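Take a look at the structure below.
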Amino acid sequence: MHPVNADHNFLLHHHSVDAAPRLLGATLRHESDEGPVTVRITEVEAYLGSQTSDFPDPGSHGFRGKTNRNAVMFGPAGFLYVYFTYGMHYCANIVCGTAGTSSGCLLRAGEVIEGRELAKSRRAAAKKEVELAKGPARLTQALGLGREHNGLPVFESPLTLRLADAAPSPQHLSTGPRVGVSGPGGGHEYPWRFWLSGDKTVSTYRPAKPRQAPAV
DNA sequence: GGTCCGATAGGCT
DNA sequence: GCCTATCGGACCG
């Protein structure tokens, strides 16, 4: 596939774990009928998952192969994978890598830097400005993203993704285990989650709920 | 500040 | 049937 710009080219040639640091400090803009909202990304989580990846990743939606739901992740980089979860929330991933791999970065949190009033109206429950996009489902809500945005290109209207010029310096980059994934692939064995050190908009870490009570 | 829990629907075994 | 890449409100300190 022909890349539309340098950022697209970068995503096509890197899988999610390598692309994740360049998504920190990146901006994603969505211009809806209601107006534009832009989020500066402060926290992401990498997912690999398909059998074509270097590491097995049972935590990924793509781990068991391509289905109707996760098909977008198996396509080339530069598209949005939006899925519905917990019966009420949407989460968004930036698809990374080449077609045939199911590599993607879940957008976990960000800072609203354009369209604050619109974001606030979409996020009535948010008490403070840092809560507008603090969490993956909150971020999609602030941006006004839903089922209809699954599979849309992130470098074409109504979406505009701009990567950071460079990965954060080690001083500003933190990594850790996954949020909300239990069992193998939960990620204590690998740093899947990346965030900007000390940023107030990063979601508060909650360990995954164990599948069964720990043996005494 | 932390921690518990209900809501609610779709995917997958 | 069971689990989920979550959130927000209730409650406790």
Side-chain angles (χ1 to χ4, degrees), chain A residues 15-17 19-20 23-24 28 39 41-51 53 55-74 79-97 101-110 112 119-150 175-195 198 200-214:
Chain A
H15 68 63
S16 57
V17 174
L23 284 169
L24 297 177
L28 180 61
V39 161
I41 298 163
T42 58
E43 179 188 359
V44 300
E45 210 159 72
Y47 287 88
L48 295 171
S50 78
Q51 291 78 353
S53 299
F55 325 102
D57 180 6
S60 169
H61 284 182
F63 181 64
R64 289 172 190 83
K66 189 173 173 180
T67 66
N68 195 44
R69 177 208 203 190
N70 64 24
V72 175
M73 277 192 103
F74 284 82
F79 294 84
L80 205 61
Y81 167 49
V82 181
Y83 67 91
F84 183 65
T85 192
Y86 286 102
M88 62 190 91
H89 298 301
Y90 292 97
C91 295
N93 292 246
I94 305 288
V95 176
C96 300
T101 67
S102 62
S103 183
C105 287
L106 171 67
L107 304 179
R108 287 203 54 87
V112 175
K120 281 180 189 170
S121 72
R122 289 170 173 162
R123 290 270 306 115
K127 297 181 184 66
K128 295 181 283 189
E129 212 152 88
V130 295
E131 292 176 355
L132 287 174
K134 183 177 181 164
R138 292 167 170 180
L139 182 147
T140 59
Q141 209 181 336
L143 281 172
L145 298 176
R147 196 187 295 285
E148 68 273 26
H149 300 96
N150 184 40
T175 66
R178 271 183 186 143
V179 178
V181 181
S182 57
H188 288 272
E189 63 275 359
Y190 203 86
W192 300 107
R193 180 172 165 246
F194 300 77
W195 67 94
K200 300 293 186 225
T201 64
V202 171
S203 65
T204 50
Y205 177 66
R206 300 185 199 186
K209 199 196 294 183
R211 279 189 186 147
Q212 50 188 165

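A, B, ... follow the sequence lines: proteins, then strands. Residue 1 opens every chain. Note that the coordinates shown come from a computational prediction; the quantities given were computed from them, not determined experimentally.
For A:S60 and C:dA5, the shortest distance from a side-chain N or O to OP1 or OP2 is not below 4.0 Å. Contact check, A:R108 against C:dT6: a side-chain N or O comes under 4.0 Å of OP1 or OP2. Between A:R123 and the phosphate of C:dC7, there is no side-chain N or O to OP1/OP2 separation shorter than 4.0 Å. At the phosphate of C:dG8, OP1 or OP2 sits under 4.0 Å from a side-chain N or O atom of A:R138.
Base pairing analysis places C:dC7 opposite B:dG6; the two distances defining the Watson-Crick or G-U wobble pair are each below 3.5 Å. Pairing for C:dC12 is with B:dG1, a Watson-Crick or G-U wobble pair whose two hydrogen-bonding atom distances lie under 3.5 Å.
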Would A:F84 and A:H89 satisfy ring pair (Phe, Tyr, Trp, His ring centres under 6.0 Å), going step by step from the backbone distance to the final call?
-> CA-CA 6 Å; A:F84 183 65; A:H89 298 301; 8.3 Å; no

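Side chain of A:R123 to backbone of A:E131: a donor-acceptor contact under 3.5 angstrom is found.
The side chain of A:Y86 approaches C:dT4 more closely than any other nucleotide in the set C:dT4, B:dA7, C:dA5. For A:N93, the side-chain atoms get nearest to C:dA5 when compared with the rest of B:dT8, C:dC7, C:dA5. Listed nucleotides B:dC12, B:dA7, C:dA5 differ in distance to A:M88; the shortest reach to its side chain belongs to B:dA7. The side chain of A:H89 lies closest to C:dC7 when the candidates are B:dC12, C:dA5, C:dC7. Taking every side-chain heavy atom of A:P136 into account, C:dC7 is the closest of B:dG10, C:dC7, B:dC12.
In this entry the distance linking CG of A:L106 with P of C:dT4 reads 16 Å, nearest Å. As a whole-Å value, the separation of A:K128 NZ from C:dG8 P is 13 Å. Going from atom NZ of A:K127 over to atom P of B:dG1 covers 12 Å, rounded to whole Å. Note: OH (A:Y90) to P (B:dG10) measures 9 Å, nearest angstrom. Taking atom NE2 on A:H61 and atom C1' on B:dG10, their separation rounds to 11 Å, with Å as the unit. The CD atom of A:E43 sits 15 Å away from the P atom of C:dA5 (whole-angstrom rounding). Counting to the nearest Å, the P atom of C:dA5 and the OH atom of A:Y47 are 7 Å from each other. Computed from coordinates, the A:R69 CZ to B:dG11 P distance equals 7 Å when rounded to whole Å.
The base of C:dA5 sits with one of its N or O atoms less than 3.5 Å from a complementary donor or acceptor on the side chain of A:Y83.
Along DNA chain B, the nucleotide nearest A:T85 and the nucleotide nearest A:N68 are compared for position; the residue whose nucleotide lies closer to the 5' end is A:T85.
With no hydrogens or angles considered, no side-chain donor-acceptor pair links A:H149 and A:Y90 at under 3.5 Å.
For NZ of A:K120, the number of neighbouring non-hydrogen atoms (other residues, nucleotides, ligands) closer than 6.0 Å is greater than 12.
If you look at A:Y83 and A:H61, their ring centroids are closer than 6.0 Å.
Heavy-atom minimum distance, A:C96 versus A:A19: SG-CB, 3.9 Å.
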